[in-house]
Engineer: 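Got a structure for you, questions after.
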Amino acid sequence: MHLFLLLILQTTAAFGQIDPAHCRYALGMEDGRIKDDDITASSQWYETTGPQYARLNREEGDGAWCPEGQLEPSDSQYLQVDLGRLTFLTIVGTQGRYARSSGNEFARAYRLNYSRDGLLWKSWRNRLGNPVMEGNKNAYASVINDLHPPIVTRHVRLIPVTKLSTTVCMRVELYGCPWDDGLISYAAPEGQLMMPPGYPIASLNDSTYDGTRERRRLSGGLGQLTDGVIGLDDFLLTRQYHVWPGYDYLGWRNDSLGTQGFVEMEFVFDRQRNFTSMKVHSNNMFSRGVKIFSSVSCQFKPHLIANWEAEPVAFKTVLDDRNPSARYVTVPLNRRAAKSLRCRFYFADVWMMFSEISFQSGNEIKHNNHTFQSEQVNKTTSCFDSPDVSNTPVLIGCLVTIILLLVIIIFLILWCQYDCKVLEKKDRRYRLIDWCYFLSGPANTDPHYERVFLLDPQYQNPAVLRNKLPELSQSAEASACGGGYAEPDVTQCTPHQCFHSNAPHYAETDIVRLQGVTGSNMYAVPALTVDSLTRKDISAAEFPRQQLIFREKLGEGQFGEVHLCEAEGLPEFLGEGSPLPDRDGHSVLVAVKQLRADATSQARNDFLKEIKIMSRLNDPNIIRLLCVCVSSDPLCMVTEYMENGDLNMFLSQREIESTLTYANNIPSVSLSDLLHMSVQISSGMKYLASLNFVHRDLATRNCLLDRRLTIKIADFGMSRNLYSSDYYRIQGRAVLPIRWMAWESILLGKFTTASDVWAFGVTLWEIFTLCKEQPYSLLSDEQVIENTGEFFRNQGRQIFLYGPPLCPPSLFELMMRCWSRDIPDRPTFEGLYQALRPHVSQ
Ligand SMILES: *[C@@H]1O[C@H](CO)[C@@H](O)[C@H](O)[C@H]1NC(C)=O
Ligand SMILES: *[C@@H]1O[C@H](CO)[C@@H](O)[C@H](O)[C@H]1NC(C)=O
Ligand SMILES: *[C@@H]1O[C@H](CO)[C@@H](O)[C@H](O)[C@H]1NC(C)=O
Ligand SMILES: *[C@@H]1O[C@H](CO)[C@@H](O)[C@H](O)[C@H]1NC(C)=O
Ligand SMILES: *[C@@H]1O[C@H](CO)[C@@H](O)[C@H](O)[C@H]1NC(C)=O
Ligand SMILES: CC(=O)N[C@H]1CO[C@H](CO)[C@@H](O)[C@@H]1O
């Protein structure tokens, strides 16, 4: 445990910057490190409900802070906390007034204001611009909210908000860590739009900047460069869900800032510091004209009211035309003392893009309760950061530590593989990946962590888990072997049946099979049906390849790609029985799945098999195979594509119809549209189920939409970069849509029509939240997997998706039935279709 903690600290230190995933320490409301004097409020109802009682999990006074009188929707009462120093704030936890069961007041929602200097207050907004956070649902349970983006601040105000006049009371805890950079603002030119032909537009602005924007210049605030999120190698991809391409980077074009050839930035600090270095996380995707800066020159100002010192520190970087990875560039600052810095970054190419900047200064103040932490960071920093370590024992110590760590990691990997093999021999069907993840995954003994992780802490102890897994897998396996809709019972399952129960392990080959060769998933069909198909079963005709005109790449997989193309003359080609709705146009948009030239023969066979399967499907709500190009390489299959794109994109850009959307011309959908969509999806799935086809990746991103809002279920999701955050990566490249998967699919690799029903429930949920949120958005991927274990154990600790406000109660009940633990309790698609259809005709 200790070693892992050290490893984490070392990697953090290696990057020389704050890591929001680990900066989650309680800051002292509960344990009293924040003094009563530092907690104030706009008002208090009684002496005994003053601000000093707003401490999480404490019951002094009357058990919480309560502002005076009833809170009205127009009020802005607040609780204010002075943290005593600049802090990187990542989480806020709130609780109501319980007072040993005599209280029942709590805040259902709240906003945050913050101030670095105690004078200028700013309001916090999440990355999508929403300032309001969900609060408590009862008086006793605490609710934590991760701040995305996190805040650098010293003073915080929690402002309860309400829709109705009501009494509110709050207890709180704040989580984060000291902001040792000391940076209080940066100024820079506003980032720009990149509009290359053939690629999506990248918007390289600083969307979380909290200072002023005037005449295309940012000043007086902090933003994306200090949010602890570093950009990916490909700047078009983002770490956030539902944002635009280029989100993580702030970027500029070399000819846009006059002829000077540099970007000038100014940095202001809380006090004078002796700077050792600056680290700039920079993109280097040279194939798209982006490179790290060629050189930088920094000037120093010792006091705020002083002149810039004449002598700058200059630094030339080594440009890299081989490795396109984004990286940290460390700029030595020669221990110069300053309160303010001005740096000019010179272009090396047409574009320069930064995602993060941090500063290291030699004179960090020690704080009693963080001593351990800062000492650790300081100590390990010397391993990586100062090449001038004159202290040989330190260097040797560091090397020994690293070697030891490597040995332990190798040992763990070997042990893990060995154990898994042994277990597999006993024909136990649980996942190698989970098992290894839990053994080597983040184990933390810090008590604050346990409070932060919502989920069952027993999983953080490998020994406990190890004892649990056999039990878990045995009974789950039994239900898998029971098959069909029979009651799970171990005695009904002979080893022979178990062997044929078609539950894949996630071995390498299966991963490829799961994703299909073009990275989209393949429908799973009973093995016999596929084998008995022959060449003549391909009913789709051969289309002249030269009439497919490339428009855009939709996605790619290991052995293939999916392109959006225009097919010239396709309506004529298909003639009378054409499934295309518009017969008037000469050319139509189609999706073309294409096998790469270097594909293996196995991939080739799979691809042909996929064509055979697809050509059998004929339903108004399932994407049709239109034609193929298989007479020569590369093999292609051409399917329908629809101009409204996918349902996820469509809904996320719309609001629910109201007089407001009507008056302001905001794109909208009505509740009956949503119901109509649900019925169509259930109808398409009913058809697949009748053929015993299992889709395995039903979600709104896989439902395409035409102009008349007809839905067709497709299967491109996994291959598309746009939705990569919806999939959980195993071993770097296999992906699984875990947030849509039934527990038995995640734990046992068992995909059935009943697991499609589960995914249908999640898809309904997406539809009625208008795809504004990812399912379980508050849980990390690992927590989603842990939650799966709770679904299996069914002890009431599993977390369900909430009922969307738009969703009629009877419909939410239907969703909940889709998420029943036991397969017989889930509805069938026929049943779902019958249940949903009457809603539409009303
Ligand atoms: C919160 O900050 C906003 C400015 O961003 C200000 O208008 C508002 O009055 C503040 N509210 C409180 C309670 O401080
Ligand atoms: C940044 O760019 C995006 C996408 O173009 C836009 O939606 C957003 O409003 C911009 N943010 C700011 C603060 O200008
Ligand atoms: C910076 O370093 C100098 C010596 O190099 C020292 O005299 C000075 O006190 C330091 N400044 C601060 C703010 O620690
Ligand atoms: C800026 O970009 C142009 C191309 O747009 C290029 O010709 C020029 O050399 C670049 N300048 C620098 C300083 O790299
Ligand atoms: C941190 O490192 C500096 C120089 O590397 C050293 O002078 C200082 O004593 C260290 N602080 C602690 C707490 O180890
Ligand atoms: C571990 C530790 O040093 N805790 C200290 C935190 O600060 C309070 C008051 O400043 C001390 O009482 C604790 O001992």
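Numbers here simply count residues along the sequence, with the first being 1. Excluded from the calculations below are hydrogen atoms, water molecules and symmetry mates; all remaining heavy atoms, backbone and side chain alike, are included. One-based numbering, in listed order, for ligands and for the atoms of each.
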Engineer: Which of the atoms in ligand 1, numbered in the order shown and given with their element, are less than 4.0 Å from a heavy-atom of Tyr78?
Structural biologist: 13 (C)
Engineer: Just checking Tyr98 against Phe106, ring centres under 6.0 Å apart?
Structural biologist: no
Engineer: For atom 9 (O) of ligand 2, what is the nearest protein heavy atom, given as residue, atom name and distance?
Structural biologist: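 Residue, atom and distance for the closest contact: Asn205 ND2, 4.8 Å.
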Engineer: What is the nearest protein non-hydrogen atom to atom 14 (O) of ligand 1, stated with its residue, atom name and distance?
Structural biologist: Arg157 NH1, 2.6 Å
Engineer: Can you list the ligand 1 atoms lying under 4.0 Å from a non-hydrogen atom of Ser76?
Structural biologist: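 The list of qualifying atoms is 13 (C).
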Engineer: Has ligand 2 got any nitrogen or oxygen that is less than 3.5 angstrom from a nitrogen or oxygen of Ser203?
Structural biologist: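 There is such a contact, yes.
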Engineer: So for ligand 2, is Ser207 a polar contact partner (N or O within less than 3.5 Å, distance only)?
Structural biologist: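 There is no such contact.
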Engineer: Looking at Glu105 and Arg97, is any side-chain nitrogen of the basic one under 4.0 Å from a carboxylate oxygen of the acidic one?
Structural biologist: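 Salt bridge flag = yes for Glu105 with Arg97.
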Engineer: Side-chain contact test, heavy atoms from C-beta onward, threshold under 4.5 Å: evaluate it for Ile357 versus Met278 and give yes or no.
Structural biologist: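 They are in contact (side-chain heavy atoms under 4.5 Å apart), so the answer is yes.
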Engineer: Would Phe262 and Tyr346 count as a close aromatic pair, with their ring centres under 6.0 Å?
Structural biologist: yes
Engineer: Starting from atom 12 (C) of ligand 1, find the nearest protein heavy-atom neighbour and note its residue, name and distance.
Structural biologist: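 Ranked first by proximity to atom 12 (C) of ligand 1 is Asn113 ND2, 3.1 Å.
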Engineer: Would one find more than 12 heavy atoms of other residues, nucleotides or ligands at under 6.0 Å from atom OH of Tyr140?
Structural biologist: no
Engineer: Strictly less than 4.0 Å: does any protein heavy-atom distance to atom 7 (O) of ligand 1 fall in that range?
Structural biologist: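 Under the 4.0 Å cut-off, atom 7 (O) of ligand 1 has no protein heavy-atom neighbours at all.
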Engineer: To which protein heavy atom is atom 4 (C) of ligand 1 closest, and what is the distance rounded to 0.1 Å?
Structural biologist: Ser123 OG, 3.7 Å
Engineer: Can you tell me how far CZ of Arg739 sits from CG of Asp781, rounded to the nearest 0.5 angstrom?
Structural biologist: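 Going from the CG atom of Asp781 to the CZ atom of Arg739 covers 5.0 Å.
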Engineer: Out of curiosity, Leu647 CG to Leu770 CG, how far, rounded to the nearest 0.5 Å?
Structural biologist: 9.5 Å
